[in-house]
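Please read the structure below before turning to the comments.
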Amino acid sequence: MKNIEFLRILSLRGPSVWTYKPALEALVDIGELEDFPSNKIPGFPERLVAWLPTLIEHRCSREKHGGFVERLHEGTWPAHIMEHITLELQNLAGLPGGFGKARETSVRGVYKVVVRAYHEKVTLRALHYARDLVMAAIEDRPFDVADAIDELRHMVNSLCLGPSTACIVDAADDRDIPSIRLSENNLVQIGYGARQHRIWTAETDKTGAIAESISRDKDLTKTLLQACGVPTPGGRLADSPDDACEAAQDIGFPVVVKPSDANHGRGVFTNLNTEQEVRTAYEVAIEEGSGVIVERFVRGFEHRVLIVGGKLAAAARGEPVTIVGDGKSTIEQLIDVQLNSDPRRGRMEEHPLNPVILEREPAVQLELTRQDLTPESIPVTGREVLLQRNGNVAIDITGEVHPEVVAAASLAARAVGLDIAGVDLVTTDISRPLEETQGAIVEVNAGPGLLMHLKPAAGQPRAVGAVIVDYLFPSNNNGRIPIVGITGSTGKTSVAQLVARLLELTGKHVGLACGAGLFLAQRQIETKNCANHDSAHRVLLNRAVEAAVFENGHASILAEGLAYDRCQVGVVLNIDPTETIAEHYIENAEQLAKVARTQIDVVLPTGAAVLNADDAAVAEMASLCDGEVIFFSIEAKNAVLGAHLAEGGRAVFVRGGQIILASGGSETVLVENVTIPLMTSQKSTLYVVNVLAAIGAAWALDTPLELIRVGVEAFDRRFNARIARSAKQYK
């Protein structure tokens with residue numbers, strides 16, 4: 001029976017042997033289909049392309065348009081096809097296509113299918129849909145592609161980051177600043193450890209709770225703005241419809257009635273000219289908030305000015321929303337045809353304009369009443385009908401804002417206490433000072449939406465995410481702490497512990513996740529094996545951690561990927577030619593070396609790889625490193641070492657009973673090795689190698705040599721005995 005079976009699906013949440021980004025790796029058994037490539041199944045390629053015509057865009061290994069479709073007709077296998085279908089389904093659901101691979105294992109018919117996972121649940125569903133779609137095409141039976149894409153699109157919209165948060169995360173990625181999503185909502189950590197900041201849409205960990213509360217209280221906000229001399233419309237709170245009418249009489253018509261603590265423009269009525277309109281507006285506004293404000297109506301357009309760190313980031317303008325009669329359609333029909341059919345309008349976050357739905361828009365109904373119209377009215381041909389005096393604020397006018405308007409908006413944000421603020425103001429001409437146009441600032445909002453600036457209905461998109469990232473992380477701050485990642489077949493735990501100790505001597509708060517447990521500043525948090533992704537993440541989330549050391553076993557890299565995107569120092573100790581990892585089909589030293597090189601692939605250009613020159617498989621990784629290479633060796637005359645030093649490189653080695661640090665032709669005796677407890681108590685080459693590797697890692701981080709010397713000499717003997725046991729247990 002022809003079938004495709006998932007044997008296992010792994011979530012690789014960080015850099016892996018496949019890619020730098022999160023991915024899913026599915027172990028797939030295609031069974032009898034190994035004998036039936038795509039060109040041997042009648043009509044199969046045609047059915048696939050008919051269902052997914054955009055597959056023509058897949059270049060595949062041919063590196064040309066239509067390359068994958070050519071492969072389908074020439075003959076390729078279901079695992080490879082599933083890879084492309086999964087990526088295309090994700091793409092059609094609104095995610096970039098991304099990385100994909102399909103590779104045979106040593107077992108006939110069993111493949112590894114790897115695809116980029118922007119969100120694990122979405123990619124998992126897409127992967128299962130891909131299997132079902134391929135099987136439907138093989139068996140020549142129907143498959144509802146549109147329904148599958150709709151479900152995936154709904155998952156993307158509900159599970160993936162919203163556009164405001166995503167633009168900040170993407171801007172951080174553009175600057176090579178790492179990020180970690182902290183919840184299924186839009187809470188994201190940008191940066192690691194002590195260098196991190198947290199964001200929630202356009203709020204940051206610099207946004208004070210008091211400031212946010214003030215911004216929700218429109219009356220209090222107005223009081224604070226007035227105290228600073230910021231132009232605001234006069235008005236007051238009203239506690240009943242009668243009181244609202246009295247306030248309107250005191251202020252003078254026309255007036256605005258709005259909730260005192262609502263947002264997104266809900267329950268806001270403008271240009272009210274009669275007591276009956278005020279009463280109607282009051283009843284709606286009180287349902288949207290805990291109180292109602294009546295204030296002077298300011299003539300002009302509504303504008304949103306985005307202030308980030310006291311500076312203008314972007315500005316947008318709203319315009320009246322109107323329809324034009326055709327003499328035969330009702331107002332409700334005209335709204336659907338002339339407005340809601342616009343692809344820019346919708347309820348999803350990616351839509352810059354909202355649909356106009358009469359039953360949900362009391363303010364629109366009031367405007368119709370003023371014009372002696374109802375939703376069922378049929379305007380004569382050419383009659384313009386006003387629906388909203390200020391529609392969605394989505395027309396970019398950033399370049400038009402007068403400097404004095406910017407200064408007023410910045411002052412308003414500071415008066416409330418917001419680092420990022422959406423300042424709403426009304427004016428007839430934003431290119432002139434507010435005093436000249438009788439304009440006013442009407443609201444100051446925390447956590448402002450950014451979509452109007454990212455995808456304006458008209459005008460130039462603004463890179464507001466980059467502005468926020470630059471505010472949080474000035475040019476000299478990349479959000480990173482020093483990270484040392486250590487892998488190899490043996491010795492990882494002892495090296496990790498010694499490196500952590502050497503870094504602690506510099507005064508840093510060091511996090512360590514290794515085979516012996518989880519440690520924070522020498523305090524042991526866990527006693528179990530913590531050389532895994534989750535434990536390392538705990539360290540990276542800790543705001544006290546100033547440097548981190550992680551042990552990464554080969555099996556952990558294969559099953560989970562690394563917990564960090566890049567590191568300052570990557571250490572590879574050795575490759576045991578007898579080590580195999582059967583469950584991952586790692587069967588020889590060459591395959592194992594490809595796993596270990598993952599640690600070197602993620603070394604930053606400003607960092608260093610610390611490599612064992614005595615292990616040929618490890619030494620060959622030097623060419624893969626983006627940063628510096630520091631070799632270590634127990635043989636001073638090692639040929640690799642000699643060539644490296646001749647080119648001006650750095651190395652750590654043993655000669656004549658001494659540990660030598662060499663840089664090109666310059667040498668420094670660090671310590672007499674007979675004084676190091678770790679070396680004298682364990683008469684084995686392994687422990688000499690471990691000390692050299694740890695010294696190399698500390699040296700790569702510019703640790704003062706005197707501290708390295710003291711650290712290795714004073715490393716506690718009882719602690720070293722525990723390291724010895726750990727090395728045997730967790731090697």
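Numbering starts at 1 and runs along the sequence shown. Owing to the predicted nature of the structure, the values given are computational and were not obtained by experimental measurement.
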Practice task
Please assess H453 against R304 for the test side chain to side chain contact (heavy atoms under 4.5 Å, CB included), listing each intermediate value before the final yes or no.
Solution key: CA-CA 10 Å; H453 308 300; R304 164 62 63 85; 4.1 Å; yes
Exercise for the section: Give the C-alpha distance, both sets of side-chain angles, the deciding distance and a yes or no for side chain to side chain donor-acceptor pair (under 3.5 Å) between N445 and D424. Expected result: CA-CA 8 Å; N445 301 282; D424 292 339; 3.0 Å; yes
Would you mind checking if [Y] and [X] are paired as a salt bridge, meaning a charged N to carboxylate O distance below 4.0 Å?
X	Y	value
D150	R153	yes
D565	K21	no
E295	K218	no
E283	R279	no

Handout entry: CA sep, side-chain torsions, deciding dist, call: I331, T374, side chain to side chain contact (heavy atoms under 4.5 Å, CB included)
Key = CA-CA 8 Å; I331 285 175; T374 69; over 6 Å; no
Measure the [atom1]-[atom2] distance between [X] and [Y] for me, rounded to the nearest 0.5 Å.
X	Y	atom1	atom2	answer
L237	S290	CG	OG	9.0 Å
I430	I397	CD1	CD1	4.0 Å
L133	R131	CG	CZ	11.5 Å
H65	R59	NE2	CZ	8.5 Å
Y471	I307	OH	CD1	12.0 Å
Q371	E367	CD	CD	6.5 Å

Closest heavy-atom pair and its distance - [X], [Y]:
X	Y	value
R462	G399	NH2-N, 4.1 Å
A238	D243	CA-OD2, 3.3 Å
L368	P375	CD1-N, 4.3 Å

Practice task
Kindly check if the number of other-residue, nucleotide or ligand heavy atoms within 6.0 Å of NE2 (H154) is above 12?
Solution key: no
Practice task
Check the pair L450 / I468 against side chain to side chain contact (heavy atoms under 4.5 Å, CB included), numbers first and verdict last.
Solution key: CA-CA 11 Å; L450 304 179; I468 292 172; 3.9 Å; yes
Problem - Audit row: S240, D242, side chain to side chain donor-acceptor pair (under 3.5 Å) steps and yes/no - result: CA-CA 5 Å; S240 69; D242 288 340; 5.3 Å; no
Problem - T207/E212 under side chain to side chain donor-acceptor pair (under 3.5 Å): CA gap, chis, key distance, verdict - result: CA-CA 7 Å; T207 304; E212 184 180 8; over 6 Å; no
Practice task
For N186 and S164, run side chain to side chain donor-acceptor pair (under 3.5 Å): C-alpha distance rounded to whole Å, both residues' side-chain angles, the deciding distance at 0.1 Å, then the answer.
Solution key: CA-CA 9 Å; N186 285 315; S164 293; over 6 Å; no
Practice task
Classify the angle between the aromatic ring planes of F473 and H197 as parallel (below 30°), tilted (30 to 60°) or perpendicular (above 60°).
Solution key: perpendicular
Validation: residues 122-130 side-chain donor-acceptor distances under 3.5 Å, sequence neighbours left out:
from: T123; atom 1: OG1; to: Q90; atom 2: OE1; distance (Å): 2.5
from: T123; atom 1: OG1; to: H119; atom 2: O; distance (Å): 3.3
from: R125; atom 1: NE; to: E151; atom 2: OE2; distance (Å): 3.1
from: R125; atom 1: NH2; to: Y129; atom 2: OH; distance (Å): 3.4
from: H128; atom 1: ND1; to: L124; atom 2: O; distance (Å): 3.0
from: Y129; atom 1: OH; to: E151; atom 2: OE1; distance (Å): 2.3

Problem - Residues K206, L472; criterion side chain to side chain contact (heavy atoms under 4.5 Å, CB included); working and verdict - result: CA-CA 9 Å; K206 294 184 176 184; L472 293 173; 4.3 Å; yes
Side chains of residues 405-412: which donor-acceptor pairs under 3.5 Å do they make with residues two or more places apart or in other chains?
from: S410; atom 1: OG; to: G310; atom 2: O; distance (Å): 2.8
from: S410; atom 1: OG; to: R414; atom 2: NH1; distance (Å): 3.0

